[in-house]
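Heads up: numbering here begins at 1 and tracks the sequence.
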Amino acid sequence: MEFVYGLSFLLLFSLSAYGGLALRRHLNEGHFSKDNMDAVRLVTGLIVSFAALILSLHLSTSKAAFDAANRNRAAYATQLASLDECLRNFSPQMDATRLQLRQYTAAVIVSTWPDEEGPGIETGLDPQHMMLRGEDATLTKLMTHIGLAIDSFVPTDGAAQNIVARCRAEYGTVLAGRWSVIDDTYAPSGRLFTVVISFWLALVFLSFGLQVQQRALSLTVLAIGVLCVSTAMFVIIDLHFPYRGVFGISSTPMRDALADMLRQ
């Protein structure tokens, strides 16, 4: 889908530039007087300034949101591994809960990165019916069972009480990290914002097509501009989908956390 958007931007800006070139051929020379062209360049410069400013801010916001999602995912993997470490030192009665935690982690890997090879752990869940974005009810239910198992455990001595308290704190941290990861799946800006920027950039290239003469060097420079801006818009759209596309977040932290859970 991201490549479809990228090709759409390339087509839109190319057609806009070509439309300007075609319109230039149908206008008489009186329209290209110095005063008229100065006015066109003035308005074009104004639009270019606004478009460049908003495009840079849009790209910066998307990159910042992507970096935050990447950090939150790595932190969440660490939190899951820390919870398992606590349960490992808890009690043999927590073995079933640790198994649920491993199944949860494996299900997250399979559902979040469906195009990658699975971790090879039977989860008992159907990842095809899990949500790729937002909260998934099946995973929520499994995480809730883990929390209930921790809360229902009754310690027998002071040392066990301390471990129980630490595991409950670890579980609370996991829940907070989980919601951070869920919130990261939503794009920082909506489609309307992208449509407005695309419209402005299309007007810019239409104006450029009116101004340039049909010579090889001018057309080459115009084509380079279309390609560069289309690429920038593609990067912005791709960053809106942090778990797929060219710049997708890696599953390595979650796989490393699962591998740590499997060690004895």
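- For the residue pair Arg178/Thr140, the side-chain donor-acceptor check at 3.5 Å is satisfied.
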Kindly indicate, with the supporting measurements, whether the criterion side chain to side chain contact (heavy atoms under 4.5 Å, CB included) is fulfilled by Glu170 and Val174.
-> CA-CA 6 Å; Glu170 293 280 1; Val174 167; 5.6 Å; no
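- Scanning all heavy atoms of the two residues, the minimum distance from Met233 to Phe13 falls at CG-CE1, 4.1 Å.
- Here the shortest heavy-atom pairing between Ser198 and Phe9 reads OG-CE2, 3.1 Å.
- Counting Ile, Leu, Val, Met, Phe, Trp and Tyr side chains that sit under 4.5 Å apart, directly or through other members, Leu42 stands alone, with no cluster partners.
- In the model, Thr173 has no side-chain atom that pairs as donor or acceptor with a side-chain atom of Gln79 under 3.5 Å.
- In this pair, Phe208 and Phe205 present their aromatic rings perpendicular. The plane angle is above 60°, beyond the 30 to 60° band.
- Other residues, nucleotides and ligands place no more than 12 heavy atoms under 6.0 Å from the CZ atom of Arg215.
- Contact between Asp260 and Ala81 at its shortest, heavy atoms only, is OD2-CB, 4.0 Å.
- Annotation: the span from Gln211 atom CD to Thr44 atom OG1 amounts to 4.5 Å, rounded to 0.5 Å.
- Side-chain contact check for Phe234 versus Leu10: every heavy-atom pair is 4.5 Å or farther apart.
- Residues Ala257 and Ala77 share a closest heavy-atom pair of CB-O, 3.3 Å.
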Go through Ile47 and Ser207 one step at a time and tell me if the side chain to side chain contact (heavy atoms under 4.5 Å, CB included) criterion holds.
-> CA-CA 10 Å; Ile47 299 176; Ser207 178; over 6 Å; no
